[in-house]
Amino acid sequence: MFDRRAACSQILAGRCACPGCPGKLSDPRRSPNGWGHCRSCHCAWRVENYGGDASRIYPMTVPSSQGCPVWDEMANDPAHRWR
């Protein structure tokens, strides 16, 4: 199961939150919309804080248009039915 708090911690630390991806994220301050882009799988990540409440933080992603191998592998695994 995807752990959103762990994913948020990884993103805030500059690491990709894709399961099993060892990639580091680019500096989100250099992106107009605050996205950090993974140098390994090319997905984009950021953390959203709804209403300013620390308990309401969520990881947001835009999977790579080049095809993220980590997400593609999970999509083909019958144990993962997230798509």
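Residue numbers count from 1 along this sequence. Note that the coordinates shown come from a computational prediction; the quantities given were computed from them, not determined experimentally.
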Item to complete: Determine whether C21 and C38 make a side-chain contact, defined as any pair of heavy atoms from C-beta on separated by less than 4.5 Å.
Response: yes
Discussion item. Contact between P28 and W45 at the side-chain level, heavy atoms closer than 4.5 Å - yes or no?
Written reply: no
Fill in: D27 side chain to R29 backbone, donor-acceptor under 3.5 Å
yes
Practice prompt. Answer yes or no: is there a side-chain heavy-atom contact under 4.5 Å between I11 and M60?
Written response: no
Discussion item. Testing the basics here: between V62 and W35, what is the closest heavy-atom pair and its distance to 0.1 Å?
Written reply: CG2-CH2, 3.7 Å
Item to complete: Please tell me if the side chains of C41 and C16 come closer than 4.5 Å, counting only heavy atoms from C-beta onward.
Response: yes
Discussion item. Please find the pair of heavy atoms, one from R15 and one from L25, that lie closest to each other, and give the distance.
Written reply: O-CD1, 3.6 Å
Worksheet item: Under the 3.5 angstrom rule, does the side chain of R4 hit a backbone N or O of I57 as a donor-acceptor pair?
Response: yes
Fill in: H37 backbone acceptor or donor facing S26 side chain under 3.5 Å
yes
Discussion item. Nearest 0.5 Å, please: how far is CD in Q10 from SG in C18?
Written reply: 9.5 Å
Item to complete: Look up atom OH in Y58 and atom CZ in R46, then write down how far apart they are to the nearest 0.5 Å.
Response: 15.0 Å
